[in-house]
Structures are given as structure tokens and as C-alpha cells.
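What you see is a predicted model; the values in this text were computed from it and never measured. If you read the sequence from its start, that first residue is 1, and numbering goes on from there.
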Amino acid sequence: MADAKLSAASLPAHASPHPMANPGYGKRSAPDQRPRAAHDFAALPPREAAIAAYIDRLPDGADISVKTLAKQLPYGQCALRTALNNLQRAGHLRRGRERITGEGSSRWITRSWFTRTARDDNWWATFTRGDVPQEPPDHPRPTRSRAHILLAALGRETPALSLSEADCAALAPLVTAWHARGATDTDVVRALTTGLPTPVHHPAALLRRRLTDKLPPEPAPAPHSPRRILECAECGVPGRPEALPGGICSACRCERAPDRTHTPLHASVIHARAAEIRAAMSVRRHERTLA
């Protein structure tokens with residue numbers, strides 16, 4: 001069996017490296033994957049786990065088309081096509097198109113996004129919109145904000161700027177505004193501690209003035225989010241992520257809209273409508289006669 005020849009832990013060694021796709025195409029790693037581990041694909045069948053482990057170790061830009069994989073792995077094209085569709089259903093793979101803009105023009109190119117961390121349909125929908133889905137934190141957030149911690153630590157390095165708990169709480173929103181404009185903690189500390197007067201009579205008032213007067217400008221607008229379109233793994237038809245759960249369209253899932261039920265009209269309604277039509281026709285004939 002091919003699965004005995006190829007396992008997720010033992011990948012084939014080739015004399016030549018895996019072929020790369022044309023520039024701009026091929027495998028693309030999805031963001032925020034967990035570190036590689038031995039059990040990454042333990043939930044998959046052996047064949048799918050072996051193929052997923054092989055693809056996971058390929059660099060971005062590698063050609064992961066069925067034809068190319070068939071030349072590298074001990075599986076036929078039909079088996080590979082089925083396995084890739086199963087990886088798509090399991091949340092490890094999505095195929096579609098992405099609009100690339102540059103030098104005053106744009107074009108759509110084919111993409112194959114792969115992740116060793118299985119993702120659900122909601123994650124892929126968020127990714128398709130150009131956002132990076134956020135993972136819930138594994139540990140509770142600190143009770144004090146980053147800005148509060150920075151202000152509380154100022155007094156340890158610069159005793160003249162020692163602040164009370166109330167001062168830190170009052171000034172923290174001003175420091176947060178700096179962070180929102182791209183300033184690092186080092187930038188903030190430098191702006192607050194450089195060129196201090198001697199002595200410092202009111203540290204909180206001095207820091208408030210500096211945080212307000214030296215506030216950096218708004219950062220340049222971020223580049224437009226990429227436009228991505230997912231495609232059905234079976235027929236290749238493009239569609240919204242919500243219409244492609246598991247990467248498969250409704251037609252390929254053999255789903256169809258429920259048949260509409262037609263309630264027959266009552267005989268009295270039909271007779272009344274027929275009488276209206278005859279009356280309207282009679283009025284028209286009478287008008288033509290008068291004319």
C-alpha cells in the first residue's frame with residue numbers, strides 16, 4: 001500500500017528539489033499557524049496525513065498541483081485529487097484567486113492556501129476578506145494595560161518621574177494614543193525622559209504636557225486589503241466563503257433548494273378574475289366603437 005511507503009513522519013527523499021510554480025503562484029502559507037509538531041495531522045486518515053505533512057514542509061511558491069504531486073508521491077492523480085479535497089474539507093487547504101495590485105495595474109492570480117493548523121469556515125471567511133483572524137488568548141490578559149505598566153516603571157529609571165497609581169491611571173490613555181500611532185515603548189520613554197528640567201516639581205503635569213505636545217502624527221494609511229475569492233474544490237466555481245462550507249459548493253454537495261409548494265386557487269377566485277378580464281375587454285370594445 002502506498003500509505004505504508006509514505007507516512008507523515010517519513011517523507012520521500014528526491015534527488016531533485018520539489019518543482020516550484022510560476023512566480024506568484026503555487027503554495028501560500030496561511031498566517032498564524034501553530035509551531036510544527038508530530039501530531040499536526042493526527043486527526044486525518046493516513047493518506048491525507050502523509051500528503052499534508054509533505055505539503056507542509058514545502059516552501060511557499062512550490063507547485064502543489066495534482067499533476068506535480070503525482071510525480072513526487074506514490075499516489076495517482078485521482079487519489080491525490082480526492083486527498084486534497086479531503087484536506088480542504090478538514091480546513092487545511094483552500095483554493096481560489098487573489099487580486100494583486102502593483103505599478104498602476106491589477107490582475108487576478110490563482111492561489112492555494114495551506115495551513116497545518118486546521119481552520120473552520122468562519123476563519124477562512126475572515127481571511128478571504130483580507131483580515132487576519134485572531135486566536136483567543138491562551139492566558140488571561142494582565143490587569144494593568146501596557147501604558148500603565150510603562151508609566152509605573154518610569155520612576156525606577158528616573159526617580160524624578162515617580163508617579164502614583166492614580167497618576168498612572170490618568171495618563172495611561174495618553175500613552176495608549178502614542179501606541180496607536182505606531183510609537184514603541186522606547187519612543188515614549190525617550191520623549192518623556194529626555195531634557196528634564198531640574199528639579200521636577202510636578203511629574204504628572206510635566207508628563208501630561210509632553211504626551212500631549214509631542215504626540216506623533218497619524219501613521220500613513222495601510223495598503224488596501226487584498227481581494228480574495230475562494231473556489232469550489234470539485235468544480236472550480238468561485239463563490240463567497242459562506243456558500244462554500246468545507247470548500248465545496250452546494251451543487252457539488254448534491255444540495256438543491258426545496259421545491260416550492262403551489263397552493264391551488266379556489267374556484268370562486270378564478271371565476272371572479274375571469275369576470276374582471278371580460279369586463280375590461282368589453283370596455284375596450286365599447287371605447288373603440290365610440291371612436
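- The number of heavy atoms from other shown groups lying within 6.0 Å of CZ (R36) is above 12.
- Shown here for G91 and T115, the closest heavy-atom pair between the two residues is O-CG2, 3.6 Å.
- No single ILVMFWY cluster, assembled from side-chain heavy atoms under 4.5 Å apart, contains both L73 and M20.
- Residues L93 and I55 form no side-chain contact, since every pair of their non-hydrogen atoms from C-beta on lies 4.5 Å or further apart.
- Side-chain atoms of T82 and N86, non-hydrogen and from C-beta on, do get closer than 4.5 Å to each other.
- Under a cut-off of 6.0 angstrom, the local environment of CZ in R146 is crowded, with over 12 non-hydrogen atoms contributed by other residues, nucleotides or ligands.
- Grouping the Ile, Leu, Val, Met, Phe, Trp and Tyr side chains by contacts below 4.5 angstrom, directly or via other members, places Y75 with Y54.
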Give every donor-acceptor pair under 3.5 Å between a side-chain atom in residues 189-203 and any protein atom, sequence neighbours left out.
| residue | atom | partner | partner atom | Å |
| --- | --- | --- | --- | --- |
| R190 | NH1 | D187 | OD1 | 3.3 |
| T193 | OG1 | V189 | O | 2.7 |
| T194 | OG1 | R190 | O | 2.7 |

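- One finds the OG1 atom of T176 at 10.5 Å from the CG atom of L171 (value rounded to the nearest 0.5 Å).
- Between the CG atom of L174 and the CZ atom of R210 there is a distance of 14.5 Å, given to the nearest 0.5 Å.
- Taking both residues in full, the closest heavy atoms of Y25 and I109 are given as OH-CG2, 3.6 Å, listed atom of the first, atom of the second, then distance.
- Across F41 and D56, no two heavy atoms sit closer than the pair CZ-CB, 4.0 Å.
- In this structure a side-chain-to-backbone donor-acceptor pair under 3.5 Å is present from T212 to R208.
- S112 approaches I64 most closely through the heavy-atom pair CB-CD1, 3.7 Å.
- Going from atom CG of L58 over to atom NZ of K27 covers 5.5 Å, rounded to the nearest 0.5 Å.
- Side-chain contact between L244 and C232: present, with at least one pair of heavy atoms (C-beta onward) separated by less than 4.5 Å.
- Between E231 and the options R94, R97, R111, a side-chain hydrogen bond (donor to acceptor under 3.5 Å, both in side chains) holds for only R97.
- Between H92 and R116, the shortest heavy-atom distance links the atoms CE1-O, 3.2 Å.
- Between the side chain of E234 and the backbone N or O of C252 there is no donor-acceptor pair closer than 3.5 Å.
- Looking only at side-chain heavy atoms (C-beta outward), R81 and L69 stay at 4.5 Å or farther from each other.
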N/O donor to acceptor pairs below 3.5 angstrom from side-chain atoms of residues 157-164, sequence neighbours left out:
| residue | atom | partner | partner atom | Å |
| --- | --- | --- | --- | --- |
| S162 | OG | P159 | O | 2.9 |
| S164 | OG | D167 | N | 3.1 |
| S164 | OG | D167 | OD2 | 3.1 |

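- Connection of L215 to L207 is established within a shared hydrophobic cluster, with ILVMFWY side chains joined at heavy-atom distances below 4.5 Å, either directly or through further cluster members.
- Here the straight-line distance linking atom CD of Q77 with atom NZ of K67 works out to 6.5 Å at 0.5 Å rounding.
- At a threshold of 4.5 Å between side-chain heavy atoms, the hydrophobic network of Ile, Leu, Val, Met, Phe, Trp and Tyr places F114 and V66 in one connected group.
- Between V188 and A183, the closest heavy-atom pair is CG2-CB, 4.4 Å.
- At a threshold of 4.5 Å between non-hydrogen side-chain atoms, the residues W113 and E98 count as touching.
- Ring geometry for F127 versus W124: interplanar angle over 60°, hence perpendicular rather than tilted (30 to 60°).
- A distance of 6.5 Å separates OG1 of T117 from CG of D40, quoted to the nearest 0.5 Å.
- Here the side chains of Q88 and L84 are not in contact, with every heavy-atom distance at 4.5 Å or above.
- Formation of a donor-acceptor pair under 3.5 Å by the R253 side chain with backbone atoms of I248 is found in this model.
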